[in-house]
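Worksheet: the structure to be examined is printed underneath.
Every number for a ligand or one of its atoms is a count from 1 in the order of the listing.
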Amino acid sequence: MSQATAFVNIGDLRKGHQALSEVIETPETGGGCGTSGGEGKASCGTSGGPDDMPAEIWEKVKNHPCYSEEAHHHYARMHVAVAPACNIQCNYCNRKYDCSNESRPGVVSQKLTPEQAVKKVLAVASEIPQMTVLGIAGPGDSLANPKKTFDTMRELAEKAPDIKLCLSTNGLALPDQVDEICKYNIDHVTITINMVDPEVGAKIYPWIFWQHKRVTGVEAARILHERQMLGLEMLTARGVLTKINSVLIPGVNDEHLIEVNREVKKRGAFLHNIMPLISEPEHGTWFGLNGQRGPTAQELKAVQDACAGGANLMRHCRQCRADAVGLLGEDRSEEFTLDKIEEMEIVYDLDKRKAYQDKVEVERQAQVEAKRDALAAAAADDGVDPDMKVLVAVATEGHGKVNQHFGHATEFQIFEVSKGEALFVGHRRVDLYCQGGYGEDEALPSVVGAINDCHAVLVAKIGACPRDELKAAGIEPVDEYAHEYIEKAALSWFTGYRERIARGELVHEVRGDASIRQGAYTGAAEEAA
Ligand code: CLF
Ligand code: SF4
């Protein structure tokens with residue numbers, strides 16, 4: 001791929017965008033992803049399809065759950081924890097927990113040797129045919145452990161040729177490893193870039209380990225910044241797709257991330273993933289222990305929106321563990337512990353995997369067509385404000401459908417719906433409401449808090465008690481679109497909502513802010529199901 005091709009993706013920042021404070025104060029009906037559009041293609045660029053990018057790039061992203069929002073409903077990834085060491089210190093990281101580069105706090109249950117990792121990948125691939133991507137994302141830095149990382153990648157490139165290889169790094173060692181990355185066809189590289197100004201960087205990174213010694217302060221941040229930019233430019237020149245992860249730290253780098261977006265776009269980054277800081281005292285991080293808070297849902301969305309406007313912005317990141325397995329948002333790693341793998345019959349059957357993925361593509365096409373039909377229906381003039389946008393929460397366990405009971409949801413997907421679009425704009429983790437057949441009343445306020453900016457919640461089923469409480473909070477529980485495709489369901493509900501406004505049955509009101517749940521337990525759904 002040419003260098004020029006790599007630059008097609010992150011679009012222009014919204015021209016003359018508002019100050020962040022203005023964006024945050026804008027009611028959600030007037031702000032949001034689509035509002036910043038209108039100057040080109042939809043701002044949530046990862047929802048792009050084959051018509052939005054060159055064929056060779058579509059081939060690389062179409063079944064990568066992180067690089068394509070649409071793919072994440074259908075395809076899974078896994079991480080192998082072969083890289084324990086790190087060459088820098090971030091103020092949001094406590095290695096006892098995990099790598100915030102690419103994960104939520106939570107211990108890695110088992111660190112693996114490359115041999116164990118390869119065996120685990122083949123075991124997962126034989127059981128989960130929709131697992132299409134293997135990533136190395138810690139628990140330290142993949143490139144601070146180059147031998148373990150590349151030994152794993154080399155064997156997998158031979159033994160599992162249909163699996164895409166992916167890695168994540170803080171970028172310090174990246175320029176030295178670009179040749180190795182290309183040698184094993186690692187087509188997707190994530191660099192965590194939280195600043196382009198070393199003064200800002202000094203508030204995030206207390207030290208780096210560089211050329212056999214520890215470097216601190218602004219000098220450390222300057223070296224890290226230069227290595228990150230150089231590594232990004234080198235990958236772009238070699239045609240490797242890059243994703244930039246940025247941790248949004250209120251008061252430290254929030255407005256600065258707009259500058260980061262501009263700089264990484266200039267250097268050919270494919271995607272920018274702005275994630276909320278996860279920071280609780282019990283995580284033992286410097287930020288957590290010193291009272292640094294994470295952003296609210298509206299603060300996060302405001303920064304993402306300010307960076308949008310044609311950009312490929314990732315909004316579906318789940319801040320995975322470094323040993324996660326499954327669809328984004330689910331974690332099946334417990335099914336694949338080393339002792340369980342020992343007892344498994346591992347049959348890596350390429351034909352079987354391909355046949356399954358062909359079926360997924362048929363389903364995916366049906367989802368695209370359902371959305372197209374629903375958009376046509378939503379376009380009719382109904383006399384209501386044509387620019388109205390609302391958020392809806394959706395309970396789903398995959399396949400792009402509204403197919404989960406309210407009480408079984410450990411996260412809700414958030415879609416911004418207007419007459420012209422139904423866009424994925426994020427997810428909210430929640431405490432599980434249903435605990436073994438009965439509702440956990442204490443969990444309900446936290447669920448309501450997590451989706452408090454939404455007008456409706458679309459579910460497969462919901463009990464009377466949570467239904468009443470949601471209504472009382474001004475959130476409409478909707479189960480009439482059970483098992484329909486999400487975008488179609490959201491657009492159909494929205495069309496009906498507008499019709500009720502047009503008939504004078506209800507008055508549209510702006511919703512409030514929502515809270516971002518920190519490190520919710522995501523494995524509980526299976527237990528409850
Ligand atoms: Fe893993 Fe990262 Fe590759 Fe994805 S995760 S190394 S790009 S395969 Fe994905 Fe997880 Fe977010 Fe990372 S949702 S934390 S962006
Ligand atoms: Fe932790 Fe990752 Fe930062 Fe290293 S790069 S300190 S492992 S968050």
Between the side chains of [X] and [Y], does any donor sit under 3.5 Å from an acceptor?
{"X": "K203", "Y": "N253", "result": "no"}
{"X": "N194", "Y": "Y92", "result": "yes"}
{"X": "E363", "Y": "H399", "result": "yes"}
{"X": "N245", "Y": "K243", "result": "yes"}

Using a strict 4.0 Å cut-off to heavy atoms of [X], name the atoms of ligand 1 that fall inside it.
{"X": "L328", "value": "13 (S)"}
{"X": "R318", "value": "11 (Fe), 13 (S)"}
{"X": "T190", "value": "7 (S)"}
{"X": "V133", "value": "8 (S)"}
{"X": "C317", "value": "11 (Fe), 13 (S), 14 (S), 15 (S)"}

Q: Report yes or no: is the cationic atom of K120 (NZ for Lys, CZ for Arg) closer than 6.0 Å to the six-membered ring centre of F336, at no more than 45° off its axis?
A: no
Q.
Tell me every residue that passes side chain to side chain contact (heavy atoms under 4.5 Å, CB included) with T216, counting only those two or more places apart in sequence or in another chain.
A. W207
Quick one: which ligand 2 atoms are inside 4.0 Å of a heavy atom on [X]?
{"X": "N170", "result": "5 (S)"}
{"X": "Y92", "result": "8 (S)"}
{"X": "P139", "result": "7 (S)"}
{"X": "G140", "result": "7 (S)"}

Q: Pick whichever of K164, K243, H316, H79 has a heavy atom sitting closest to atom 6 (S) of ligand 1.
A: H79
Q: Kindly identify the option in C93, P84, A322 whose heavy atom sits closest to atom 1 (Fe) of ligand 2.
A: C93
Q. Distance-only, no hydrogens or angles: does the D323 side chain make a donor-acceptor pair with backbone N or O of V80 under 3.5 Å?
A. no
**Q.** R154 bridged to E158 by N-O distance under 4.0 Å
**A.** no
**Q.** Under-4.0 Å salt bridge between R267 and E233
**A.** yes
Q: Could you tell me which non-hydrogen atom of L172 sits nearest to which non-hydrogen atom of F209, and how far apart they are?
A: CD2-O, 3.5 Å
Q) With a cut-off of 2.8 Å, does C166 place any N/O/S atom under that distance from atom 3 (Fe) of ligand 1? A) yes
(Q) atom 3 (Fe) of ligand 2 and C90: any N/O/S contact shorter than 2.8 Å? (A) yes
Q | Whether M314 lies under 4.0 Å from ligand 1, heavy atom | A | yes
Q: Work out whether the distance between some heavy atom of H188 and some atom of ligand 1 is less than 4.0 Å.
A: no
Q.
If the condition is salt bridge (charged side-chain N to carboxylate O under 4.0 Å, His left out), which residues does D176 pass it with, not counting sequence neighbours?
A. R227
Does at least one non-hydrogen atom of [X] fall below 4.0 angstrom from an atom of ligand 2?
{"X": "G138", "answer": "no"}
{"X": "A144", "answer": "no"}
{"X": "Y205", "answer": "no"}

